[in-house]
Amino acid sequence: MCSTIMPWWSVTAAKAGLRLAGVAVLLVSCATPTSTLDGDMYDWKRSKGTGVLHLNATYTAPYCGGADPGPEGMPRPHPWQGAMFLRAAQPDSTGLFALNELRSPIIDTIRTDASGQGHVRIPAGTYLLLDLDRLDNKRYRQLLRDHKKPGIHTHAIDTACLYRWLHGPFGVITITADDTLRIDLPLHGKCSWYDTPCVHYFGPLPP
């Protein structure tokens, strides 16, 4: 049997320069064993008490104007191939959320294949599942520099919003020894004018 652990979780993913919107993630834990792949950042074979994380990722492109395609022509989800990163996390008193502490180690990477499936065995514990932009503060600093001042159709970047964008709190995933945690990760793209985190666009929109 599978049990729902947490209904909502905010996360983003980046691949080949693609910026993705916040998504809702349904976390489901199942006791069914599954085959695993070695992690490439952590020697999990030497640790005691490990579990399996199984990720099913999809991506839905945004509809950004133009001729109305009708319900049948709207973008539909398709498998997403890429890498997400697992950072050790200390959950808050609820056990559901944690801050993204940039000094905490990245324990492993989970990569999805062309079918959107990925799995990895990692030590039991609590983690954040992060995209490349949140591993450090490089993009955070770049965004502050690029959008310090208002643009023609944008306000200056909201620094408080951007701090939360990087540090959270975000939902945690909990890996239990000898168990499998299955996560559905539905990612949704943003149109280019809404693509920059914490920058408000107020210009014209395409017809």
Side-chain angles (χ1 to χ4, degrees), residues 4 6-28 54-85 87 97 100 109-118 128-171 173 182-207:
T4 300
M6 185 174 63
W8 296 98
W9 182 29
S10 179
V11 70
T12 60
K15 180 175 181 286
L18 182 64
R19 307 299 178 189
L20 303 181
V23 298
V25 177
L26 180 65
L27 302 187
V28 180
H54 188 282
L55 188 65
N56 173 43
T58 60
Y59 172 72
T60 304
Y63 171 68
C64 298
D68 185 354
E72 296 301 320
M74 291 297 289
R76 299 182 182 279
H78 62 267
W80 181 80
Q81 184 174 10
M84 298 290 283
F85 305 88
R87 167 166 277 151
F97 300 95
N100 179 22
T109 305
I110 182 167
R111 292 183 172 87
T112 56
D113 58 21
S115 67
Q117 306 295 310
L128 296 179
L129 185 63
L130 302 169
D131 68 351
L132 184 63
D133 285 342
R134 289 178 173 82
L135 295 189
D136 52 40
N137 63 4
K138 290 180 181 179
R139 190 174 186 227
Y140 172 88
R141 296 197 310 269
Q142 186 66 49
L143 288 169
L144 287 177
R145 289 192 297 267
D146 292 347
H147 302 280
K148 181 178 181 180
K149 298 180 180 180
I152 298 176
H153 297 300
T154 58
H155 294 302
I157 198 164
D158 183 337
T159 56
C161 168
L162 192 65
Y163 186 89
R164 294 191 298 272
W165 171 85
L166 177 61
H167 294 284
F170 302 119
I173 61 174
R182 301 181 186 277
I183 298 178
D184 290 324
L185 182 64
L187 303 167
H188 298 270
K190 283 186 176 181
C191 298
S192 59
W193 48 90
Y194 295 135
D195 195 38
T196 305
C198 302
V199 172
H200 176 66
Y201 175 82
F202 56 87
L205 298 176

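What's counted below: heavy atoms across the whole structure, side chains too, no hydrogens, waters or symmetry copies.
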Worksheet item: From Asp184 CG over to His54 NE2, what is the distance, rounded to the nearest 0.5 angstrom?
Response: 9.5 Å

Worksheet entry | Any Tyr140 side-chain heavy atom under 4.5 Å of His167 side chain | no

Discussion item. Taking atom OH as the centre, does Tyr63 end up with more than 12 heavy-atom neighbours from other residues, nucleotides or ligands that are less than 6.0 angstrom away?
Written reply: yes

Worksheet item: What heavy-atom pair brings Leu166 and Arg134 nearest, and what distance separates the two atoms?
Response: CD1-CA, 4.0 Å

Worksheet item: Taking all non-hydrogen atoms of both residues, which atom of Phe170 and which atom of Arg164 are closest, and how far apart?
Response: CZ-O, 3.9 Å

Discussion item. Nearest 0.5 angstrom please: Leu185 CG to Ile110 CD1, how far?
Written reply: 9.5 Å

Discussion item. Show every side-chain hydrogen bond (donor to acceptor under 3.5 Å, both in side chains) that has at least one partner inside residues 69-79, sequence neighbours left out.
Written reply: Glu72-Arg76

Worksheet item: How close do Pro79 and Ser115 get, heavy atom to heavy atom, and via which atoms?
Response: CB-C, 3.3 Å

Fill in: Residue pair Tyr194 / Leu205, side-chain heavy-atom distance below 4.5 Å
yes

Practice prompt. Of all the heavy-atom pairs spanning Trp193 and Cys64, show the shortest one and how long it is.
Written response: CH2-O, 3.4 Å

Taking only distance into account, with no hydrogens and no angle test, what donor-acceptor pairs under 3.5 Å do side-chain atoms of residues 196-204 form with protein atoms, sequence neighbours excluded?
{"unit_1": "Tyr201", "atom_1": "OH", "unit_2": "Pro204", "atom_2": "O", "d": "2.7"}

Anything under 3.5 Å between a donor and an acceptor, one on a side chain of residues 145-154, the other on a protein residue two or more places apart or in another chain? List them.
{"unit_1": "Arg145", "atom_1": "NH2", "unit_2": "Gln142", "atom_2": "OE1", "d": "2.7"}
{"unit_1": "Asp146", "atom_1": "OD1", "unit_2": "Gln142", "atom_2": "NE2", "d": "2.8"}
{"unit_1": "Asp146", "atom_1": "OD2", "unit_2": "Gln142", "atom_2": "NE2", "d": "3.0"}
{"unit_1": "Thr154", "atom_1": "OG1", "unit_2": "Gly151", "atom_2": "N", "d": "3.2"}

Fill in: Criterion side-chain contact (heavy atoms from CB on, under 4.5 Å) on Met84 and Leu130, from CA distance to verdict
CA-CA 6 Å; Met84 298 290 283; Leu130 302 169; 5.9 Å; no

Discussion item. Could you report the tightest heavy-atom contact between Phe85 and Thr109, atom names first, then the distance?
Written reply: CD2-OG1, 3.6 Å

Discussion item. Under a 3.5 Å distance rule, please check whether Thr112 uses its side chain to pair with a backbone N or O of Gly82 as donor and acceptor.
Written reply: yes

